[in-house]
Enquirer: 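Take this structure first; my questions come after.
Predicted model only: the values in this text are computed from it and were never measured.
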Amino acid sequence: MSVPLYQAKAELFRTLGHPVRIRVLELLQDGPKPVRDLLAAIDVEASNLSQQLAVLRRAGMVTSSRDGALVVYALSTPDVADLLAAGRRILGAVLTDRDALLDQLRADGRDR
C-alpha cells in the first residue's frame with residue numbers, strides 16, 4: 001500500500017527539522033564536500049554529524065560517494081537548494097510581517 005502524498009511531504013519536512021541537517025544542506029549548495037570539511041564547518045561531534053548525514057541519505061536528499069579514503073557528500077538534486085531558497089524567502093516574509101505587526105501594535109498603544 002502506498003503512502004499518501006501529504007504523509008510523504010510531512011516526512012520530507014520532518015527530515016528538515018534539525019539545525020545540523022539544514023546546515024549540511026546549506027554547505028552542500030556550493031558543491032560536494034568530504035565529511036572532514038563538513039565537520040570543520042559545523043560545531044558537532046563526528047558521531048552526531050554521521051547520524052544526521054544518514055538521515056539525509058535515507059531521505060534521498062544527499063548522496064555519498066568515495067574518493068579514496070574520503071566519503072564525499074552532495075545534494076541529490078538542485079531542487080534541494082531551491083527548497084532551501086524558498087525557506088529563506090518564506091522566513092523573510094514571515095519576519096517582515098511580524099515586524100510590521102509589532103510596529104502596528106506599538107502605534108496603536110500610543111494612540112490610546
Side-chain angles (χ1 to χ4, degrees):
M1 189 154 93
S2 66
V3 174
L5 181 58
Y6 64 85
Q7 192 171 348
K9 286 179 182 178
E11 187 59 36
L12 171 73
F13 285 109
R14 270 193 293 278
T15 300
L16 296 173
H18 194 285
V20 171
R21 292 182 214 143
I22 293 293
R23 187 65 184 130
V24 165
L25 296 174
E26 289 173 344
L27 291 168
L28 294 177
Q29 289 181 99
D30 297 332
K33 295 203 177 354
V35 173
R36 69 173 183 216
D37 291 0
L38 295 172
L39 198 51
I42 304 172
D43 187 27
V44 296
E45 295 292 324
S47 60
N48 187 357
L49 179 60
S50 178
Q51 289 174 340
Q52 303 312 324
L53 287 166
V55 170
L56 291 170
R57 226 180 18 255
R58 281 192 304 271
M61 299 189 84
V62 300
T63 60
S64 63
S65 60
R66 286 205 169 269
D67 183 11
L70 296 177
V71 179
V72 178
Y73 282 85
L75 296 180
S76 61
T77 171
D79 293 332
V80 175
D82 294 343
L83 180 60
L84 293 173
R88 282 190 300 276
R89 288 191 305 274
I90 292 166
L91 187 56
V94 168
L95 294 177
T96 299
D97 289 347
R98 287 183 184 165
D99 287 344
L101 180 59
L102 184 56
D103 290 344
Q104 184 179 3
L105 286 171
R106 288 179 179 147
D108 287 348
R110 286 190 294 262
D111 291 343
R112 293 179 195 216

Enquirer: Suppose clustering is done on Ile, Leu, Val, Met, Phe, Trp and Tyr with side-chain heavy atoms closer than 4.5 Å. Which residues sit in the same group as Leu5?
Expert: none
Enquirer: Look at the side-chain heavy atoms of Ile, Leu, Val, Met, Phe, Trp and Tyr, link any pair under 4.5 Å apart, and say whether Tyr73 and Leu27 land in one connected group.
Expert: yes
Enquirer: I need the full list of salt bridge (charged side-chain N to carboxylate O under 4.0 Å, His left out) pairs touching residues 50-76, with sequence neighbours left out, sorted by first then second residue.
Expert: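 For residues 50-76, and leaving out neighbouring residues, there are no salt bridge (charged side-chain N to carboxylate O under 4.0 Å, His left out) pairs at all.
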Enquirer: What residue pairs, at least two apart or across chains, pass salt bridge (charged side-chain N to carboxylate O under 4.0 Å, His left out) with a residue in residues 10-27?
Expert: Glu11-Arg14, Arg23-Glu26
Enquirer: Taking C-beta and beyond as the side chain, do Leu53 and Val71 meet within less than 4.5 Å on heavy atoms?
Expert: no
Enquirer: Walk me through it: do Leu56 and Thr15 pass the test side-chain contact (heavy atoms from CB on, under 4.5 Å)?
Expert: CA-CA 7 Å; Leu56 291 170; Thr15 300; 4.0 Å; yes
Enquirer: Between side-chain atoms of residues 39-51 and protein atoms elsewhere (two or more places apart, or another chain), which donor-acceptor pairs fall under 3.5 Å?
Expert:
unit_1	atom_1	unit_2	atom_2	d
Asn48	OD1	Gln52	NE2	3.1

Enquirer: Distance-only criterion, 3.5 Å: show the donor-acceptor pairs between side-chain atoms of residues 76-84 and protein atoms not counting sequence neighbours.
Expert:
unit_1	atom_1	unit_2	atom_2	d
Ser76	OG	Gly60	O	2.6
Ser76	OG	Met61	O	3.2
Thr77	OG1	Asp79	N	3.2

Enquirer: Using a 4.5 Å cut-off on heavy atoms from C-beta on, say whether the side chain of Leu16 contacts that of Ile22.
Expert: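 Ile22 reaches Leu16 side chain to side chain.
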Enquirer: Decide whether Val24 and Phe13 are clustered together by the hydrophobic rule: side chain heavy atoms of Ile, Leu, Val, Met, Phe, Trp, Tyr closer than 4.5 Å, transitively.
Expert: yes
Enquirer: Could you tell me which residues satisfy side chain to side chain contact (heavy atoms under 4.5 Å, CB included) with Leu91, sequence neighbours excluded, listed by chain and number?
Expert: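 Partners of Leu91 under the side chain to side chain contact (heavy atoms under 4.5 Å, CB included) test: Leu95.
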Enquirer: Supply the atom-to-atom distance Leu70 CG to Ser65 OG, rounded to the nearest 0.5 angstrom.
Expert: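 Spacing of CG (Leu70) from OG (Ser65) equals 9.5 Å.
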Enquirer: Quick one: closest heavy-atom pair of Pro32 and Val72, and the distance?
Expert: CB-CG1, 3.6 Å
Enquirer: In terms of hydrophobic clustering (I, L, V, M, F, W, Y; side-chain heavy atoms under 4.5 Å; direct or indirect links), are Leu75 and Leu12 co-clustered?
Expert: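 Per the 4.5 Å side-chain linkage, Leu75 and Leu12 are co-clustered.
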